[in-house]
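Take a look at the structure set out below.
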Amino acid sequence: MKPIHKLTACALLPVTVACSAVSAFADGGDQMGFTTYYFTDSGSNTVATTAFNLAKKLLDATVVLIDIELDHVTVPPVTAITGATRPQRRKDETFEKNRGQIIVGAEQGLGLYAKVAGNFYSSSEVDYKSTGGIATFSQELAGRNTTLTLRGQYNADRVGELLEDGSLIEQPKKTYQALASLSQILSPTTVMDVTYDMMYQKGFLSDPYRQVRVYDGQGASTLADELHPDYRTRHAGTVRLSQYLAPLGASVIGSYRFYFDTWDVHSHTGEIKFNKYIFKDLVLALDYRYYAQSAAWFYQDRYVGPEYIAGALRTSDYKLKPFSSNNAGFSLTYLLRGLRGSGNDLDFLENAGIEVMYFRYFNTLDFSADILQGTLKFSI
Amino acid sequence: MKRNASARLLAIILASSASCGALSGCATTQAYEREKLADLIMERQNPFSKQTLEQKFFTTREGSIGGSAGIGGGCGCAK
């Protein structure tokens, strides 16, 4: 196992720089935003993103929106663990690709306490395409102390494999998702959120670029394409408690998530955040997250036997190994609302702010990442 | 069997949390009492929320997914 300090020395400092602008027009309700960020992690993967979004209020209770996002992903020649897909068979060269995403939708109020929304989602990159629809219903109850949200989503994806000659093989993958969330105000300083999320996926659920080393009884080995089951049902339940600490001018937010699926991956996630005004318009946030998961039932450290060359399930996906991770960080947010004044035409700073965030992620698979993010947001 | 036990555990966690919330929430908080809940540091409508970016980071590096209310879709990075 590589020591952490060696990883740190070898790794790039991941940097995410985000700039976002939001404008709310004078007639109220319309919003326009522009976002760009740059991200690199300890595997030297980089993602540069530019995004634009517009929300337009058509009638009193109707809002339409459009969100466009463009990514440029660069993956270096060899990475032990990477979140980005890359052709394994081209591991000796840097892999670059672009991704475009668009979300269009509309939200309609239904009286004073309910609203319904529909969104269309489309994402495209050279070796992956996704198209989906999302429907959301939200209802406020009990004097607006309780909010119930129901959401359904369907995605039809095309998982592609770029071959050496540049041609593409595509295979289908479908995802059905249902979510129910209950938000309950417990007191003037306490809120609890309970969320259940279920996802059913079927189709090609492997990564066409990943390969598994399979051994025979004599120690000789050969490579075989990863082979996962063609369906997976995933369940996640999250409980979140947010408490305002009036004497401190602070809040503490704790959450716990339990997850399991039909591949026998079980996980526990606990997170705690502490936010505090250290000056009137300066907020310090401290955040710690712990995650632990078990392995998928077909995961093995070493695959031995001819059956793994044939149809037996096999994986080299590190996300199906047993591991735990820690994530700790902080952020500083400076609110620009204090710069507003009578007659100085700076009302657009009402919802403006600058934020700098740093967090460090490391897991028992010997992967670590440092992430630094800056955000600028304002309205006019 | 293991899966059934997990389903039961999940159901217990969610049901007990929702029940506690429902019971505690019987004392209605009036609109004028919700100033603290609307504060930025409660992250209920935080304009600087990094949840989407963070969730994507975790989704691409961990075997679990879901449980947050963000809208997203398929992409190659999460295979």
Side-chain angles (χ1 to χ4, degrees), chain A residues 83-85 99 119 121 123 125 127-128 130 132 134 142-143 145-146 149 155 157 175 181-182 184-189 191-192 194-197 199 207 234-239 242 244 246 251 253 257-260 262 264-267 275 283 291 293 319-320 333 351 353 355 357 375 377, chain B residues 2-3 5-7 9-37 39-44 46-50 53-54 56-69 71-79:
Chain A
T85 179
R99 186 180 79 93
N119 293 282
Y121 173 95
S123 168
E125 52 202 283
D127 53 1
Y128 201 97
S130 177
I134 305 156
N145 278 251
T146 305
T149 301
N155 276 77
D157 297 358
T175 302
S181 178
L182 192 71
Q184 175 69 51
I185 295 175
L186 302 181
S187 78
T189 56
V191 182
M192 186 174 75
V194 181
T195 302
Y196 169 70
D197 199 349
M199 181 184 288
D207 186 325
R234 317 173 80 168
H235 305 269
T238 303
V239 180
S242 307
Y244 193 92
S251 72
I253 300 169
R257 179 182 71 171
F258 177 64
Y259 167 94
F260 73 97
T262 50
D264 277 355
V265 174
H266 292 68
S267 76
N275 301 311
V283 177
Y291 172 84
Q293 74 167 59
K319 297 193 296 295
L320 300 180
T333 304
N351 295 311
E355 182 187 77
M357 180 189 79
T375 302
K377 198 167 209 174
Chain B
K2 191 177 176 184
R3 223 167 280 155
S6 298
L9 176 60
L10 181 62
I12 289 168
I13 290 169
L14 295 176
S16 56
S17 303
S19 302
C20 289
L23 291 173
S24 308
C26 285
T28 301
T29 300
Q30 301 299 325
Y32 61 84
E33 297 177 300
R34 297 177 196 163
E35 181 188 1
K36 303 298 186 194
L37 300 178
D39 196 299
L40 179 80
I41 61 173
M42 289 293 275
E43 298 189 6
R44 291 178 61 72
N46 184 355
F48 306 106
S49 173
K50 311 167 293 292
L53 179 63
E54 285 188 8
K56 187 169 182 178
F57 176 86
F58 294 130
T59 298
T60 56
R61 287 162 178 80
E62 297 173 345
S64 307
I65 194 170
S68 65
I71 288 181
C75 96
C77 60
K79 277 187 293 200

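Numbered from 1 within each chain, the chains take letters A, B, ... in sequence-line order.
- Closest of all the heavy-atom pairs between B:Ser6 and A:Phe260 is CB-CG, 3.5 Å.
- The part of A:Ile253 that comes within reach of chain B is its side chain, from C-beta onward, which places non-hydrogen atoms under 4.5 angstrom from that chain.
- Each of A:Pro188, A:Ala142, A:Gly143 has some count of heavy-atom pairs under 4.5 Å with chain B, and the biggest count is that of A:Pro188.
- Both the backbone and the side chain of A:Phe258 come within contact range of chain B, judged by heavy atoms closer than 4.5 Å.
- Annotation: side chain of B:Ser64 is in contact with side chain of A:Arg257 (closest heavy-atom distance under 4.5 Å).
- One distance of note links CE of B:Met42 with CG of A:Asn275; it measures 9.5 Å at 0.5 Å rounding.
- Interface remark: A:Tyr244 contributes backbone and side-chain atoms alike to the contact with chain B (heavy atom separation under 4.5 Å).
- In this structure, B:Glu35 has no side-chain contact (heavy atoms from CB on, under 4.5 Å) partners at least two apart in sequence or on a different chain.
- Residues B:Lys36 and A:Val191 form no side-chain contact, since every pair of their non-hydrogen atoms from C-beta on lies 4.5 Å or further apart.
- Note that CG of A:Leu186 is 8.0 Å distant from OG1 of B:Thr29, once rounded to the nearest 0.5 Å.
- Between B:Glu62 and A:Ser267 there is no side-chain heavy-atom pair separated by less than 4.5 Å.
- With rounding to the nearest 0.5 Å, the separation of CG in A:Asn145 from CZ in B:Arg34 is 4.5 Å.
- With rounding to the nearest 0.5 Å, the separation of CZ in A:Arg234 from CD1 in B:Ile65 is 5.0 Å.
- Considering only heavy-atom pairs separated by less than 4.5 Å from chain B, the leading option among A:Leu320, A:Thr189, A:Thr175 is A:Thr189.
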